[in-house]
Structure formats: C-alpha cells, structure tokens
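Every chain is numbered from 1 and lettered A, B, ... according to where its sequence line falls, protein lines coming before strand lines.
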Amino acid sequence: MQFRAWLLRRQQLQGRRRRPAAPLPQALAGTLQNPYKHGHGFNGERMYWSRTLIPTSREVPADADILSHQLMVRAGLVRRLSAGIYDWLPLGWRAMQKICGIMRQEMSRIDAEEIQMPAVVPAELWKQTGRYFDYGPLLFKLKDRKDAEMILGPTHEEIVTELVKASVSSHKQLPLTLYQIQQKFRDEARPRSGLLRVREFIMKDAYSFHSSLDSLGQTYHDMFNAYVRIFKRCGVTAIPVEAESGPIGGDASHEFICPCAAGEDVIARSEDGSYAANLERADRQIPADVSFPIASADVAAQLQRIHTPGAASMEQVCAFLHVASQQMIKTLVFARSEAAGGGFVVACVRGDHEVNEAKLRRLVGHVQLADDAAARAAGFVIGFVGPHVVNQTGAQLVIDPDALAMTAAVTGANETDYHVTNFNWINHVEAQHRSKAQVADIRNVVEGDKSPGGSRLTLDKGIELGHVFKLGTKYSKALGAVYLDDKQQSQPMIMGCYGIGPGRIIVAALETLSDKDGIVWPVNIAPFEVLITPIRYEGQAKTVADELHAQLAARGVDVLLDDRDQRPGVKFKDGDLIGIPLRIVLGEKGLATGQVELKRRTSATPEMLPLENLADRLGKIIDEMRPKV
RNA sequence: CGGGGCGUAGCUCAGCUUGGCUAGAGCGCUUGGUUCGGGACCAAGAGGUCGCAGGUUCAAAUCCUGUCGCCCCGACCA
C-alpha cells in the first residue's frame, strides 16, 4: 500500500474513533415518550450502514420459495447455515430484540417474572413425564462425557416444574408466573417454509402455577389479553382461535393465528365473527334429530357388487366408477388403545370429508388409525372396507351425520378389489349394530358448514404465532410438584403454559405487509425507525445527516445512516428492501431551501419538511405511527 | 420414512444428452478513471479441489456406483 493511502486510511480510522459515542439510554429514560424505556429493546441507538453488516441481494435465493424467506435473505436479516438452522444478522436480530422487548414489558404488566433455564437438560426428567418417548425423534439427543443422556430442550414444562417444585411449598406462594425467552430445539422431520418451521428457534415460554382453577383462569385471562396487546403492538394480525385443549376441555386453549397463505395451520371462522377455531378443534352445527334414513322405493334394496381391481383409494374408485366422492361413504378403521378399552372403531364419513381424530377421540377414547396387518387379521379388508363390516366384526360403529344421510351410497364391499353400490344403512347394517352405533360430528369442518352459532364457516390458512394453554396437573403430578394448602393437605399445583414465537411474528409481518419493493416493517418491530439517506455523504448533507443522526438518537429514535459511497439508486433500492418506516433524504435541492424530504415506506410520494426541530417532528410522527393499545 | 428435483465462483445460473485444449456468463468484489435523485459506464483484476469418495477411460464437471448436503410434495409433528 502506498504511504499516502496508508496515512489517509489511518486518519479515517482515527476519525471514526473520535466520533462521540451515542448517549446512554439511562440518561434519556425520564425525558422521552418511547416504548423501550424499561430498558429492553433499543432506546435511541444509531448506526452507520458502512459499519454494520447488511448483506442485501438482488438475487432471489434459490432455496427460498416463500415470500418471507426470500425477503429475509435478500434484506440480510438471516442466513441459512443448515436445514432449519439460521444465523440472525444485525437487522433481523434487532427486529427480534424489539419483539422481545415488547414481550418483556407485557409480561411485566401481568406480574410474570423472567428467568432463564438451560437448553441442555437431562433426559431423565423427560422420562419421568413420559415425553421422552412421546416426542420421539423430534428430540435432539446427546450424551455427556459420563455417558449420561441429555436432550436439547424443545420446550420447558419439565424443567420449570422441577424448579418450582424445589422452591415453592405453600399456597401462600401461589399464584406464580415465570417466563423465559430462550432457544428451543426440535429435530423436525422436515424443516420447511424458510423461518416458519425450523429446528432451532427462539420462543417466549411462560408457565403459571396455581392452587385453584379460578386462579388459573385469571392468569389465563391476563395472559390472553397480554398476547392481544403484544401482537397489536408488533403490528401483526393475530386472531385468537379455539384450539385442541387436551384433558381439561372447554376454553382451555387458544392459538393466535395470523391468516396468510404461507401458513401451515387451518382455521375456521364464522361469517358473523362470533366463532373462530383451529380446524382440528372447529365444531359445526348438526341437526338435533338425526336418525337412520329410509331409502326411497326407487333404490334397489340389494347391494350391487362391482369389481374394482386395485382401486383402494377414494380417487381411484371415483375415477374407476365415474362417481363423485360425495356419493361415497369413506370407512376408516381405528384401533383403540388398551388404556381406553381396546378393540376397533369403524368411523364413517362422506367420501369428500375427512375424519377428525381429535373429535373421534373425545367420543370413543384414545384411538389411532389401525395398523394395517392387525386390522387385516381382525377381518378388515383395508382399502375395501364398508360400514357393513360391523355385521361380521362387531366393531363399534361411529357415523358422521352427513354419511348417515346417504341412502344409495358407493362404498367398500369388504372383499379385496370389490366395491358396492346402493348401500343404505337400514338394509345393510344389521339392527343390533345400528342400535349400538353412535352418530356424531367426527369430521373436519369444510367451507360452508354452519358454525355452532349457525353462521356460515369459512376456512383460511394461517401461521400460529402464539398459544395459551391450561395444562392442569399433568406435569406437577408426574414430577411431584405439590404445595400445602390452608388445610395442611398436599396438592398438586395447577399449571398453565403460554408460548409465543417471535421469529414467526417476523415471518408473519413479512408475509402480510411487504410490497414489491421489499419489507414494510411495522414501526415497533422495525430494526431502525428512521433511515437517513444523504444523496451524497459530503459537504452540507454530511453535516446535516450527522447532526440529525445524533439528535434523533438523543431523542430515543433508532436511526440508521446510509453513509455509503453509493449511487442514490442503490441506496433507495436497498432502503426500500430493508423496509425502515421513515426515510429522510438529504439532497442539494432541499437543503438549499432548508428542507429535507420525508418518505414513508408505506407512501408512494415524499413530503418536504423544514430543518427546524426536525428530530422532534420525526419523533412525534413515529409516536403517532405506533399502534394504540 | 415414501415420491420428485438440485449440488459448477460470495449470489443466480449455463456447460453434462454425444467424455477431449487453460471450465464460462451475469450480479457482487478489488484497483484506476469518468459519473452521481431510483440497482451507471470504461479499463484492468482477484476469486472455482465442478459436494465428497471410489470406479470406467489415454482422458471425467460430463459416464457408472456409493455417500453427504439442500429444496419441494406427502407421511409425521405443537
């Protein structure tokens, strides 16, 4: 390197070091109206583009096929290291930290206290609750040097229960709510959809402990409201829906779903807005007086047996016989667990419907789709089963009302490569089995079904952002977490758990709010609130840019200065891509008249602002942009 | 786990069918110059064990076998 160049470089570096440091957040706390004054998230931080890492890209990454994933990589938020494993780069990490800051504030409001539990935990605890086996291959497992089995925690019910068990022994110490924001590990069979389903992710998980169901209900209610506030402040849509609730039942579980096409969950909502539930949970209105229908006289009473070689699936049979799936009865054979009484359950739904296992389980106890070999051994010709199989096997029969209403159905013949037509319940299922049959809603709802309140249901895909859940005593009983009540009786603690995936909030924001030019951050989770873009970072523009940079930071605004020696077009394109809510453009024309240009990311046209009190003015604009909660 | 696709420069890709000279393009990067309000231009450069291993062949990015990794659909899954 030439000496002059070396000297110049050295002077530049020294110049950098002499630049005054940004003021400490504490110095500002009392003077400012901003949402991070509790010391979480950021508080008037400033950064120079040239000194941080924002690897933007014009190219769409080849391994990203959903919008949020493409944007996260193109805008330099994340980088994939392995399947479902990502680096978080400065911009993405800042957004994450802001979300975490909001969550901390809202947890604090409802008296939940933050803790930090280990990511590496002994497998033994997980064996005690049975989840070591329930989770199976989803667990990351490892051994320490003494050959002790450890796992990387996918969630922390066991650990927090163990903690509280050791430290709480009286009802006077309850209720208690603890939470953490921590790394989780799940060895997903198939990580997918970019940052939506990953193997290592951050989760805010809260756990509450109670001495009464009323107390649990109160905390559940508080947590529910805190979640509503969190999502609103983050600027993402999150619809609370009823979710599968396990043993406690009732209103014991809600998910917060952001409707969008990239989502993996399906939710059902009524058009009158009074009902929303996860598809797994969604109920429908069924007539009160369902009974076995009498086939009309023009339907032959005899089954018509038809050779359907190799056609064992619904589509194959429909295509082979040229019938619509609505004319068919789908008959599925389930095996009931020994604990629930054993035996087989035959579930019948209309051909175009799907059995909902959760509904079936609520009705008949724990079942799962029967093992092929076991079912065949018991006389079920898998692939060609019809409802009348119960005549031979005596299995329990469960019929969905829509299947029950059919009087000339096509269904399996109970022999290989044969189906039957003209099936009807009265003629072909023996009376003794009809009388024992249960008729109930056992299928997934479909678009157009009636909600329990009678309004029309619609279905949408969505991203699960959060989940609140009444756990009951499952973990406290398994791990012996008990307290002494006011009558000196030992009682298992009643628990609730509550999770939010901040990474998914980012995904949801990008999926639902971006435009063709890039990200459009909601102000509260934007990595920076203001982007200063001098057309050329020199002369008066540089002076004004630096001053504004410092003033905004001093006022508590997070601000990024694009000090790169790049052409304006490059800066504008990059600015749009990374989606900072407000952009201040400093150009010669405006500065000559004492004005700067304000371009909102959400607006196509800029507005001119005078230089006087610019930082204050911008601060107010930002405050106005924040969602009111 | 079943089905499909893909691994060549930091990124996006061509070359492979039909083996053959020093492995290419665009973007990005470096240096110099001209530019400078929506991803500039000129010139000169740096950068690749063609995922890895083995095999066939005089010769392999190219053909064969194995293996690892990644993406998509499904199964599974809070």
Side-chain angles (χ1 to χ4, degrees), chain A residues 1-2 5 53 55-66 69-70 73-74 76 79-86 131 134-139 154-157 184-194 196-199 201 203 205 241 243-246 253-257 262-265 278-281 313 357-358 368-369 372 463-469 471 497-501 504 516-518 533-539 541 562 564-578 583-592 596-597 599 604-606 608:
Chain A
M1 192 185 282
Q2 296 289 320
L53 179 65
T56 59
S57 165
R58 218 184 322 202
E59 304 280 2
V60 176
D63 60 358
D65 70 346
I66 68 168
H69 190 198
Q70 294 173 356
V73 174
R74 287 190 55 215
R79 184 177 169 83
R80 190 183 62 74
L81 183 61
S82 177
I85 311 267
Y86 287 83
R131 290 212 296 177
D134 292 348
Y135 260 69
L138 209 58
L139 286 180
T155 172
H156 279 74
E157 282 83 359
K184 306 290 184 199
F185 301 86
R186 294 182 190 176
D187 193 3
E188 293 284 350
R190 184 151 93 79
R192 67 181 96 180
S193 304
L196 197 51
R197 181 164 293 258
V198 287
R199 297 198 292 171
F201 57 100
M203 183 156 96
D205 46 327
V241 306
E244 249 319 297
S245 54
S253 175
H254 288 86
E255 290 171 343
F256 290 80
I257 304 279
E264 296 182 323
D265 285 70
N278 190 301
L279 180 63
E280 292 166 356
R281 166 77 202 183
S313 77
E357 286 192 30
Q368 59 185 33
L369 208 53
D372 214 81
I463 299 173
E464 180 189 350
L465 301 180
H467 197 165
V468 292
F469 199 101
L471 281 177
C497 71
Y498 320 88
I500 290 182
R504 284 187 168 186
K516 66 174 174 48
D517 294 316
T533 304
I535 293 296
R536 301 176 72 166
Y537 187 54
E538 59 186 33
D562 192 347
R564 294 176 300 170
D565 181 19
Q566 286 285 359
R567 298 168 60 82
V570 173
K571 295 187 182 185
F572 292 150
K573 288 288 185 190
D574 271 348
D576 288 343
L577 179 59
I578 70 169
R583 183 173 74 205
I584 297 294
V585 179
L586 302 174
E588 283 178 16
K589 287 175 251 169
L591 288 175
V596 300
E597 178 183 315
K599 166 80 168 56
T605 50
M608 299 305 290

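Distance noted for atom P between B:U31 and B:U49: 24 Å (whole Å). For the P atom pair drawn from B:G20 and B:C63, the interatomic distance equals 11 Å after rounding to whole Å. Between B:C58 and B:G45, the two C1' atoms lie 37 Å apart (nearest whole Å). On the C1' atoms, B:A23 is 34 Å away from B:G3, given to the nearest whole Å. With both ends at atom C1', the span from B:A46 to B:C29 equals 8 Å, rounded to whole Å. Taking atom C1' on both nucleotides, B:A75 is separated from B:U56 by 39 Å, rounded to a whole Å. Comparing B:U30 with B:G47, their P atoms sit 15 Å apart, to the nearest whole Å. Separating the P atom of B:C16 from that of B:U62 is a span of 13 Å, rounded to the nearest Å.
Look at B:U57: it lacks any Watson-Crick or wobble partner with both distances under 3.5 angstrom. Under the Watson-Crick and G-U wobble criteria, each requiring two contacts below 3.5 Å, nucleotide B:G39 is left unpaired. As the counterpart of B:C11, B:G26 is assigned, both hydrogen-bonding distances of the Watson-Crick or G-U wobble pattern falling under 3.5 Å. Applying the Watson-Crick and G-U wobble criteria (two distances, each under 3.5 Å), B:C6 pairs with B:G69. Using N1 to N3 plus N6-O4 or O6-N4 for Watson-Crick, or N1-O2 and O6-N3 for G-U wobble, each under 3.5 Å, B:C77 pairs with nothing.
Among the heavy atoms of the strands lying under 4.0 Å from A:D65 are primed sugar atoms or P, OP1, OP2 only; no base atom is included. A:N278 comes within contact range of at least one nucleobase, with a heavy-atom separation under 4.0 Å. Residue-level contact check: A:P55 touches neither bases nor backbone, having no heavy atom under 4.0 Å from any strand. If you check every strand for non-hydrogen atoms under 4.0 Å, A:L138 touches sugar and phosphate atoms only. A:S193 comes within 4.0 angstrom of sugar-phosphate atoms only, judged by non-hydrogen atoms across all strands, and of no base. Looking at heavy-atom distances under 4.0 Å, A:V60 makes contact with sugar-phosphate atoms alone, never a base. Note on A:Q368: nothing from the nucleic acid sits closer than 4.0 angstrom, heavy atoms only. Using a 4.0 Å heavy-atom distance criterion, A:A189 is classed as a base contact. Within the 4.0 angstrom heavy-atom criterion, no nucleotide atom of any strand lies near A:R564. Residue contacts for A:S82: at a heavy-atom cut-off of 4.0 Å it reaches the sugar-phosphate backbone alone, with no base atom in range. Across all strands, A:R192 comes closer than 4.0 Å to base atoms (heavy-atom distances).
Between the side chain of A:R504 and the main chain of A:E464, a donor-acceptor pair closer than 3.5 Å is present. The backbone N or O of A:R564 sits less than 3.5 Å from a side-chain atom of A:K571, completing a donor-acceptor pair.
Crowding of A:D565 atom CG: a count of heavy atoms from other residues, nucleotides or ligands under 6.0 Å not exceeding 12. Counting non-hydrogen atoms of neighbouring residues, nucleotides and ligands closer than 6.0 angstrom, the CD atom of A:E538 exceeds 12 such neighbours.
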#### Entry: Candidate pair A:H69 and A:S193, rule side-chain hydrogen bond (donor to acceptor under 3.5 Å, both in side chains), full reasoning
CA-CA 7 Å; A:H69 190 198; A:S193 304; over 6 Å; no

### Task
List the steps, then state whether side chain to side chain contact (heavy atoms under 4.5 Å, CB included) holds for A:D205 with A:K184.
CA-CA 10 Å; A:D205 46 327; A:K184 306 290 184 199; 2.7 Å; yes

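Across the interface with RNA chain B, nearest-nucleotide mapping of A:E464 and A:L81 shows A:L81 to be the residue nearer the 5′ end. Of the residues near RNA chain B, A:G84 and A:R186, the one whose nearest nucleotide (by heavy atom distance) lies more toward the 5' end is A:G84.
First and last contacts of RNA chain B with chain A, using any nucleotide atom under 4.0 Å from a protein heavy atom and ordered 5' to 3', fall at B:C11 to B:A78.
Taking CD from A:E244 and CZ from A:R281, the interatomic distance works out to 6.0 Å, rounded to the nearest 0.5 Å. Here A:D562 contributes atom CG and A:L586 contributes atom CG; the two are 11.0 Å apart, rounded to the nearest 0.5 Å. Atom CG of A:D574 and atom OG1 of A:T533 lie 9.5 Å apart (nearest 0.5 Å).
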